[in-house]
Amino acid sequence: MKIKNICCIGAGYVGGPTMAVIADKCPDIQIHVVDFNKERINKWNDVDVNNLPIFEPGLAEIVERCRGKNLHFSTGINERIRKSDMVFISVNTPTKKYGLGAGKASDLKWVEACARQVANNATGHTIVVEKSTLPVRTAEVIKSILDATKKDSERSEIKTFDVLSNPEFLAEGTAINDLLYPDRVLIGGENQLSINALSDIYAKWVTKEKILQTNIWSSELAKLTANAFLAQRISSINSIGALCEATGADVREVSRAIGADSRIGSKFLDAGPGFGGSCFKKDILNLVYLSEYFGLYEVAKFWESVVTLNNWHQKRISKLITNKLFGTISGKKIIILGFAFKGNTNDTRESAAILICKDLLNEGAFLFIHDPKVSKEQIINDLGSKPYSENKKQLNSFDVKGNWEFIHDIDESFFEADAIVILTEWEEYKNINWDLAEKRMRKPAWIFDSRSLIDPEDIKKNDFNFWRIGDGS
Ligand code: UDX
Ligand code: ADP
């Protein structure tokens with residue numbers, strides 16, 4: 001079974017980069033990335049690759065190389081499904097807001113819509129690959145929708161389907177590197193021929209030993225488990241960071257000491273403002289829902305505590321900022337550096353900055369928010385209110401006392417500022433002109449570094465009060 005035409009439904013953070021890398025490595029396969037969001041597709045087709053809808057180091061270069069040759073972006077979903085022998089489902093699966101499992105289970109309405117669209121439009125034999133992060137046994141949902149169409153006697157001879165689970169382990173900001181040099185590629189399925197067809201694609205650049213084949217449920221559960229384990233490490237180190245601050249220890253030294261133990265390993269031990277991103281919280285809550293569903297309440301509680309600790313930790317930071325600024329920040333000018341959930345991405349989903357900024361606004365602060373890649377419109381969306389200059393007379397929609405502005409020039413924003421809060425680890429924040437900041441800020445001026453980005457030596461000579469995550473000294 002040799003794959004010649006691929007269609008990927010969903011031109012987002014997962015679908016876009018994944019298909020770009022497959023196109024680059026497999027010039028003999030035609031790849032069409034489709035999405036019902038026309039605006040997003042237009043951005044993928046923008047002649048200037050700096051305007052792609054997502055920012056990911058290395059992505060623009062690949063898109064420039066392959067677009068129009070074997071990588072195409074369009075809204076022609078049905079037509080592309082019809083012409084493809086493999087369809088990736090890479091759509092969003094947010095947590096359900098209402099109904100059964102609200103707040104925990106994933107909303108599968110987009111996945112279900114895709115399955116129906118594939119069922120109705122596919123021709124011949126089609127391999128359907130689940131790429132979105134999905135709850136365990138979603139393949140069953142997809143399969144039963146596809147099979148229901150197969151039962152239609154008129155079409156039964158011309159349509160056959162196989163479902164594979166091929167979870168994505170890429171992390172935003174390093175997506176291209178993660179795709180080019182994966183620790184492993186996981187393929188879950190029942191039909192060996194289909195598994196081989198997908199393995200052959202990855203084998204163009206990944207060694208055979210790294211392509212793991214499992215049953216479909218193990219593959220789905222492995223994805224949730226990997227994210228739960230990673231998130232658990234972050235909550236663990238953030239909990240220890242709080243203890244360091246209370247006891248005089250330094251969380252960076254503790255991380256280094258425990259990370260040197262080869263059984264623990266040194267990665268994912270950086271204390272920060274709490275994990276964000278579209279996957280961690282959602283996947284853990286899925287695991288919690290699944291455990292509760294099967295009556296495993298202790299298991300559910302264990303994993304839920306990882307999210308509870310993360311929420312508590314983010315609140316802890318906003319409270320701490322208020323307390324250090326004499327218990328009141330009403331009308332005080334606070335510069336927020338970074339709004340994305342981590343460096344090197346423009347994604348703000350579940351970013352710690354959202355909760356922390358909302359808390360500070362609720363205390364009446366005037367925030368000056370900077371991020372090199374996140375747009376003002378995105379921040380308006382996330383905070384639910386417009387910047388002060390656009391909204392002077394209106395009350396903010398979530399009824400806060402504070403205000404905010406979006407800034408491009410950090411140096412200009414220093415005037416009379418009371419504090420600088422670093423929330424995202426952008427490289428450029430390492431080069432802040434601290435002498436200028438000190439000259440222009442109101443005294444006593446505070447620097448809050450939630451990412452251990454600043455070298456304390458760099459600001460020692462200036463007259464700042466300095467707080468750093470997990471630093472009890
Ligand atoms: C994650 C998984 O890493 C990836 O395998 C999966 O496919 C999708 O979910 P992502 O959410 O893009 O990727 O980013 P990741 O690098 O895992 O960071 C998640 C959050 O944890 C970020 O907010 C980051 O700042 C935070 N983090 C990460 C820490 O606070 N400390 C660390 O040591 C590592
Ligand atoms: P992820 O991080 O999982 O890639 P994104 O939200 O970035 O999530 O991308 C998912 C994309 O899937 C969005 O661009 C959305 O418009 C698209 N999408 C969702 N449902 C469908 C559908 N039924 N058909 C086509 N595109 C869809």
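What you see below is based on every heavy atom in this structure, not just the backbone, and it leaves out hydrogens, waters and symmetry mates. As the structure lists them, so they are numbered: ligands from 1, and atoms in each ligand from 1. Keep in mind it's a predicted model, so treat the numbers as computed, not measured.
Using modelled atom types, one finds no donor on one side chain facing an acceptor on the other under 3.5 Å when comparing Ser144 with Glu140. Residues Asn215 and Ser218 bring a donor and an acceptor atom of their side chains to less than 3.5 Å of each other. Defined by atom type and a distance below 3.5 Å, a donor-acceptor pair is present between the side-chain atoms of Lys131 and Asn166. For Arg80 and Ser74, the side-chain atoms include no donor-acceptor pair closer than 3.5 Å. Donor-acceptor pairing under 3.5 Å is recorded for the side chains of Gln213 and Ser199.
Near Ile77, the atoms of ligand 2 lying under 4.0 angstrom from a non-hydrogen atom of the residue are 24 (N), 25 (C). Each of the following atoms of ligand 2 lies closer than 4.0 Å to a heavy atom of Asn37: 16 (O). Atoms of ligand 2 found under 4.0 Å from any heavy atom of Gly12 (numbered from 1 in listed order, with element): 4 (O), 5 (P), 7 (O), 9 (O). For ligand 2, the atoms lying closer than 4.0 Å to a non-hydrogen atom of Ile9 are 24 (N), 25 (C), 26 (N).
Not a single heavy atom of Ser132 sits less than 4.0 Å from an atom of ligand 2.
Among Val33, Val14, Asp35, the residue whose heavy atom lies closest to atom 16 (O) of ligand 2 is Asp35.
Side-chain contact check for Asp162 versus His125: some heavy-atom pair is nearer than 4.5 Å. Put simply, the side chain of Ile234 reaches to within 4.5 Å of the side chain of Phe268, judged on heavy atoms.
Ranking the protein heavy atoms by distance from atom 22 (C) of ligand 2 puts Phe36 CE2, 3.3 Å first. At the top of the distance list for atom 20 (N) of ligand 2, counting protein heavy atoms only, stands Trp110 CD1, 3.1 Å. Nearest to atom 12 (O) of ligand 2 among the protein's heavy atoms is Gly10 CA, 3.4 Å. Protein heavy atom closest to atom 5 (P) of ligand 2, with residue, atom name and distance, is Arg40 NH1, 3.7 Å. Of the protein's non-hydrogen atoms, Asn92 OD1, 3.3 Å is the one closest to atom 19 (C) of ligand 2.
None of Val33, Val91, Val128, Asp35 except one satisfies the side chain to side chain contact (heavy atoms under 4.5 Å, CB included) rule with Ile9; the exception is Val91. A ring pair (Phe, Tyr, Trp, His ring centres under 6.0 Å) with Phe280 is found for one member of Phe275, Phe229, Trp303 and no other, namely Phe275. Just one residue in the list Ile142, Ile81, Ile145 forms a side chain to side chain contact (heavy atoms under 4.5 Å, CB included) with Val118, and that residue is Ile81.
Aromatic ring pairs are classed by plane angle as parallel below 30°, tilted from 30° to 60° and perpendicular above 60°; the pair Phe448 and Trp446 is parallel.
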Verdict with supporting geometry, Arg316 and Trp312, side-chain contact (heavy atoms from CB on, under 4.5 Å): CA-CA 6 Å; Arg316 182 178 89 83; Trp312 169 82; 3.3 Å; yes
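Polar contact with ligand 2: absent for Glu172 (N/O pair, distance under 3.5 Å).
Residue Thr93 does not touch ligand 2, judged by heavy-atom distances below 4.0 Å. Residue contacts with ligand 2 for Arg349 involve side-chain atoms from C-beta outward but no N, CA, C or O (heavy atoms, distance under 4.0 Å).
Between Asp359 and Lys315 there is a salt bridge, with a side-chain nitrogen of the basic residue lying less than 4.0 Å from a carboxylate oxygen of the acidic one.
Sorted by chain and number, the residues within 4.0 Å of ligand 1 by heavy atom are Glu168, Phe169, Leu170, Ala171, Glu172, Lys223, Asn227, Leu230, Ile234, Phe268, Leu269, Asp270, Phe275, Gly276, Cys279, Phe280, Phe341, Lys342, Arg451.
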